[in-house]
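Below is one structure; the comments refer to it alone.
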Amino acid sequence: MLLARLNPYNAGSFRLAQPSGAGDSVRMDAMFHGSETRWERRRRRFDEVVCIELWTMRGEGVRMQMVASANEVDVLDEAHNRSWSAIQGWVGDRIPHILKFVRELHEADKVEGDILEIGVHHGKLFFLLSAASRASERCVAIDLFEDQQKNIDHSGKGSLATFNRHLLELFPDFASRVTTISTDSMSLTPATARERLGVKNVRLMSVDGGHTVAHVINDMEIAQELLVSGGVVLLDDFLGVHWPTVTEGFYKYMQIANRRLAPFLIFQNKLFLTTFSEQPATLTRLRRFLDRTLPAEIHSGR
């Protein structure tokens with residue numbers, strides 16, 4: 001019952017000991033007015049108020065009133081909460097915040113294109129990328145899925161059945177945008193990728209397929225071919241100690257094949273790149289975004 005939820009709380013302000021999602025905190029203030037006690041609970045995520053609730057207790061009765069929130073719950077935060085414990089995989093808990101920056105950047109600059117991931121495993125990152133998509137954009141998931149005999153370095157173990165179950169049970173609102181393609185990315189080339197994948201241009205792409213040097217070089221070449229100006233590529237496991245071939249493959253790509261990509265961020269096991277001409281402005285705007293959205297954390301000196 002509701003009283004049981006209120007019993008642990010005393011007058012004053014505090015933070016919830018076990019927040020409901022990454023970046024969450026809850027502040028509750030108790031206010032006493034004669035026989036009436038009121039609680040105001042502010043739920044925050046990464047310093048952004050996402051929900052305000054008012055609780056009122058008179059004697060034995062408890063009434064909860066949902067108040068218009070200062071900001072709607074962000075679709076990226078919602079996708080992160082849905083997927084965090086339900087989908088097996090490896091994604092940093094702050095990646096949604098960087099995807100918010102990409103979304104803001106692309107909205108401001110009117111960057112258009114589809115969403116693509118090579119190597120989706122069970123969809124933990126893919127559904128976050130899909131949450132950053134527009135209704136008119138396609139979200140393309142490429143993986144070997146059940147064709148695991150081609151997974152020569154055993155990096156991940158995708159399952160189309162598991163991916164589809166997550167899509168239908170957790171993200172049915174994305175289903176009309178999502179296309180799955182079961183293939184080895186080594187069968188794609190920059191010249192054939194558009195036709196094979198059914199995409200014209202891509203604005204947000206994750207490279208997390210085979211972790212061999214050859215796979216990384218090939219997949220990065222596909223990324224630079226498909227990416228629109230100002231688009232963003234995420235390369236997984238860059239500088240990861242368990243997959244040094246990813247880092248080796250990236251540097252070889254930069255040495256022999258790169259024509260138009262430049263990195264602007266290394267964060268939570270991922271390297272973020274954009275097109276060369278847009279990289280300086282992207283870096284400047286990322287600094288401003290982080291300073292605006294996470295000022296206490298950025299300037300804490302820790």
Side-chain angles (χ1 to χ4, degrees), residues 75-76 78-80 82-84 86-92 95-96 99 102-103 112-148 150-151 153-190 192-211 215-216 218-223 225-228 231-237 246 269-270 272:
V75 65
L76 278 163
E78 180 63 26
H80 182 253
R82 288 189 212 175
S83 64
W84 185 251
I87 301 179
Q88 194 273 333
W90 310 271
V91 178
I95 295 300
L99 293 179
V102 175
R103 181 182 60 193
E112 298 181 352
D114 292 324
I115 312 299
L116 175 66
E117 182 171 32
I118 297 176
V120 301
H121 192 60
H122 295 166
K124 197 177 188 78
L125 176 62
F126 179 82
F127 294 121
L128 287 177
L129 300 176
S130 299
S133 69
R134 306 178 181 106
S136 60
E137 295 171 341
R138 296 181 63 221
C139 303
V140 181
I142 302 170
D143 201 283
L144 290 172
F145 292 119
E146 274 66 32
D147 195 11
Q148 287 297 307
K150 295 179 182 176
N151 186 4
D153 60 354
H154 306 291
S155 54
K157 189 176 181 180
S159 167
L160 183 58
T162 301
F163 178 91
N164 283 336
R165 185 176 73 250
H166 292 327
L167 175 62
L168 295 178
E169 293 180 0
L170 299 175
F171 300 98
D173 41 331
F174 298 159
S176 62
R177 308 180 201 176
V178 172
T179 299
T180 57
I181 298 176
S182 181
T183 191
D184 180 359
S185 63
M186 292 295 285
S187 70
L188 304 173
T189 68
T192 64
R194 281 187 171 84
E195 181 179 356
R196 288 279 305 279
L197 303 180
V199 298
K200 182 178 180 182
N201 295 305
V202 170
R203 68 174 179 88
L204 180 59
M205 178 172 175
S206 167
V207 174
D208 191 14
H211 283 27
H215 275 90
V216 173
N218 185 72
D219 294 351
M220 289 301 297
E221 287 191 80
I222 292 171
E225 182 67 28
L226 297 178
L227 200 70
V228 299
V232 172
V233 177
L234 290 66
L235 174 63
D236 190 58
D237 283 321
V246 172
N269 208 42
K270 296 188 185 297
F272 293 75

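Numbering of residues begins at 1 and proceeds along the displayed sequence. The model shown is predicted, which means the values in this text are computed figures rather than measured ones.
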What pairs of donor and acceptor atoms, side-chain ones from residues 124-135 against any protein atom, are under 3.5 angstrom apart with sequence neighbours left out?
from	atom 1	to	atom 2	distance (Å)
Lys124	NZ	Ser83	O	3.2
Lys124	NZ	Trp84	O	2.6
Lys124	NZ	Ile87	O	2.7
Ser130	OG	Phe126	O	3.0
Ser133	OG	Ser130	O	2.5
Ser133	OG	Arg177	NH1	2.7
Arg134	NE	Glu107	OE2	2.9
Arg134	NH1	Val111	O	3.0
Arg134	NH1	Glu137	OE2	2.5
Arg134	NH2	Glu107	OE2	3.3
Arg134	NH2	Val111	O	3.0

Residues Arg103, Leu76; criterion side-chain contact (heavy atoms from CB on, under 4.5 Å); working and verdict:
CA-CA 10 Å; Arg103 181 182 60 193; Leu76 278 163; 3.7 Å; yes

Return the set of residues passing side-chain contact (heavy atoms from CB on, under 4.5 Å) with Arg82 (not counting sequence neighbours), or none when no residue passes.
Glu78, Phe171, Asp173

Rounded to the nearest 0.5 angstrom, the CD1-CG distance for Ile118 and Asp143 is 10.5 Å

Kindly compute the distance separating CD1 (Ile142) from CD1 (Ile181), expressed to the nearest 0.5 Å.
5.5 Å

Nearest 0.5 Å, please: how far is CG in Leu226 from CE in Met205?
6.0 Å

I need the minimum non-hydrogen distance between Ala193 and Ile222, along with the two atoms involved.
CB-CG2, 4.0 Å

Which distance, rounded to the nearest 0.5 Å, do you find between the CG of Leu188 and the CG of Leu197?
5.0 Å

So, using side-chain contact (heavy atoms from CB on, under 4.5 Å) as the criterion, who are the partners of Val246 when residues are at least two apart?
His211, Val216, Leu235, Asp237, Trp243

side-chain hydrogen bond (donor to acceptor under 3.5 Å, both in side chains) filter on Ser185, not counting sequence neighbours, yields Asp219

Within the structure provided, determine whether Asp236 and Asn269 are in side-chain contact (heavy-atom separation under 4.5 Å).
yes

For residues Asp208 and His121, is any side-chain donor paired with an opposing acceptor at under 3.5 Å?
no

Across all chains, not counting sequence neighbours, the side-chain hydrogen bond (donor to acceptor under 3.5 Å, both in side chains) partners of Glu112 are none

Over all heavy atoms of both residues, which pair between Asn201 and Arg194 is shortest? Give the atoms and the distance, please.
OD1-NH2, 3.4 Å

Kindly write out the residues that satisfy salt bridge (Lys or Arg N to Asp or Glu O under 4.0 Å) with Asp114, not counting sequence neighbours, or none if the list is empty.
none

By side-chain hydrogen bond (donor to acceptor under 3.5 Å, both in side chains) - contacts of Ser187 (at least two apart):
Thr183, Arg196

Compare all side-chain heavy atoms of Val232 with those of Phe272 and state whether any distance is below 4.5 angstrom.
yes

Hey, does Thr180 have a side-chain heavy atom less than 4.5 Å from the side chain of Val140?
no

If you apply the rule side-chain contact (heavy atoms from CB on, under 4.5 Å), what do you find for Ile95 with His80, and how did you get there?
CA-CA 9 Å; Ile95 295 300; His80 182 253; over 6 Å; no

Output all residues satisfying side-chain hydrogen bond (donor to acceptor under 3.5 Å, both in side chains) with Asn218, sequence neighbours left out; order by chain, then residue number.
none

With rounding to the nearest 0.5 Å, note down the distance linking CD in Glu195 to OG1 in Thr189.
10.0 Å

Give a yes or no on whether the backbone of Leu144 and the side-chain of Ser182 come within a donor-acceptor separation of less than 3.5 Å.
yes

Roughly how far apart are Arg138 CZ and Lys200 NZ, rounded to 0.5 Å?
13.5 Å

Can you list the residues that meet the salt bridge (Lys or Arg N to Asp or Glu O under 4.0 Å) rule with Glu221, with sequence neighbours excluded?
none

